[in-house]
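Report on one structure; see the data block that follows.
Nothing fancy with the numbering, it's 1 onward along the sequence.
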Amino acid sequence: MSGELLRVDDLKMYFYTRDGVVKAVDGVSYTLNKGETLGVVGESGSGKSVTALTMMRLVPMPPGKVESGDVFFKGESILSMKEDKIRAIRGDRIAMIFQDPMTSLNPVYRIGHQLAEPLVIHKGMSWKDAEARAVELLEMVGIPNPASRARDYPHQFSGGMRQRAMIAMALACDPDILIADEPTTALDVTIQAQIIELMQELQERTGTAIIMITHDLGVVADVANNVMVMYAGRPVEYGTTEQVFYNPRHPYTWGLMDSLPRQDLTKKGALSPIDGQPPSLVDVPTGCAFHPRCPYAKDVCKTRNPELVMLEKGHSSACLFAGDSDFVRKSAVSTGRSE
């Protein structure tokens, strides 16, 4: 495909620890085209962030190890690139908004210096021009008094302002791919809307592809073209936003939907959380990893590990019963389409 920017093929990233092998990413595959937005959702510990860090070559090895698979950027293997080449791409053609800005910003450099540095390194700008651009970037993400705040250190910023500074840094070089790991978590609702709008403007202007990693299904519904639902290091459902939100075909996706506030909650009485806890990735349950928490699990689910199977064009589910008519009826009830 001519518009294909990124392809992930059966990626597996394991961590070898004293307690055992942590299968953090256990077979992730997808493609990302120019101008598209992929939403990656799932509970904490499902492998969303580790998948992104593996693509950026930011996982320390050891203890991490790529067991199999590959990641291709514009047809070239990222995992096989020499260190100097991936450094040239990282922060320039592929940028990432990290989940915790306090540990991602250097405490001994001023914010303006840290925003200017990638412009000097990747774009060849002079320090004077880059620092002027850094002030513009801070203003663009809603930092008040940007010229003054550019001279501050990270500890002088609030959590939300640090997050905005990280977003400005990621947008600085107009990347081909922007990986946003919980980009709006520390921001109030008004700033969240501004940041999402800013990312969409960048996408429209430059054709940037976005990978949106988030717990906020509302954000995904607004911005994503496609959605990948992850559980225990694996994709359990993949499809267009309309397919996943209006015709979810995996019990875990139903659980995520049912745990969202909805206008019809007066009929249900309360939110319906998913029972239990995500499994330890050192000791993933046999068979379907979700079966201990699944209200629809059968005996076969305890022994047979379901593969991601295509149900219709562009829509796949890793559930043994996703194609059953009874299962489809339960899906309609879960999303309210049967009423």
Can you get from [X] to [Y] by hopping between Ile, Leu, Val, Met, Phe, Trp and Tyr side chains that sit under 4.5 Å apart?
X      : Y      : answer
Ile111 : Ile121 : no
Leu58  : Val50  : yes
Ile211 : Phe72  : no
Val227 : Ile274 : yes

Between Thr303 and Thr286, does a side-chain contact (heavy atoms from CB on, under 4.5 Å) hold up when you go through it step by step? CA-CA 6 Å; Thr303 57; Thr286 57; 5.8 Å; no
Do [Y] and [X] meet the salt-bridge criterion of a basic N to acidic O distance under 4.0 Å?
X      : Y      : result
Arg87  : Asp84  : no
Glu201 : Arg205 : no
Lys85  : Glu76  : yes

Quiz question: by atom type and distance under 3.5 Å, do the side chains of [X] and [Y] form a donor-acceptor pair?
X      : Y      : value
Asp26  : Tyr14  : yes
Asn33  : Arg7   : no
Asp10  : Ser29  : no
Asp181 : Ser49  : yes
Glu237 : Ser316 : no
Ser126 : Asp129 : yes

With no hydrogens and no angle check, is any side-chain donor or acceptor of [X] less than 3.5 Å from a backbone partner on [Y]?
X      : Y      : value
Lys12  : Gly69  : no
Trp127 : Val120 : no
Gln243 : Lys313 : yes
Arg234 : Met230 : no
Ser317 : Arg249 : yes
His250 : Ala318 : yes
Arg162 : Ser104 : no
Gln114 : Tyr109 : yes

Is it the case that more than 12 heavy atoms not belonging to Gln200 sit under 6.0 Å from its CD atom? yes
Could you check whether atom CD of Glu312 has more than 12 heavy atoms from other residues, nucleotides or ligands sitting under 6.0 Å from it? yes
Begin with the C-alpha distance, continue with both residues' side-chain angles, and end with the deciding distance and a verdict on side-chain contact (heavy atoms from CB on, under 4.5 Å) for Val229 and Tyr238. CA-CA 6 Å; Val229 183; Tyr238 184 93; over 6 Å; no
Going through the checks in order, is the side-chain contact (heavy atoms from CB on, under 4.5 Å) test met by Leu119 and Arg133? CA-CA 9 Å; Leu119 294 169; Arg133 177 58 178 160; 3.4 Å; yes
Taking side-chain contact (heavy atoms from CB on, under 4.5 Å) as the definition, give me every residue that meets it alongside Pro278, ordered by chain and number, with sequence neighbours left out. Glu43, Arg293
Sequence neighbours left out, what passes side-chain contact (heavy atoms from CB on, under 4.5 Å) with Arg93? Give chain and number order. Phe73, Ile89, Lys123, Asp176
Nearest heavy-atom neighbours spanning [X] and [Y]:
X      : Y      : value
Arg90  : Arg57  : NH2-O, 3.3 Å
Pro235 : Leu308 : O-CD1, 3.8 Å
Glu36  : Asn226 : OE1-ND2, 3.9 Å
Ala180 : Met199 : CB-CE, 3.8 Å
Leu115 : Ala168 : CD2-CB, 3.8 Å

Decide side-chain contact (heavy atoms from CB on, under 4.5 Å) for Leu178 and Leu171; before the verdict, give the C-alpha distance in whole Å, the side-chain angles of both, and the deciding distance to 0.1 Å. CA-CA 8 Å; Leu178 176 63; Leu171 299 179; 3.7 Å; yes
d(Glu117 CD, Asn106 CG) to nearest 0.5 Å is 8.5 Å
Pair listing, ring pair (Phe, Tyr, Trp, His ring centres under 6.0 Å) test, anchored in residues 134-184, at least two apart: none
Centre of Phe15's six-membered ring, under 6.0 Å away, within 45 degrees of the axis: is that where NZ or CZ of Lys65 sits? no
Per the side-chain contact (heavy atoms from CB on, under 4.5 Å) rule, which among Thr31, Ile210, Leu32 passes with Leu38? Leu32
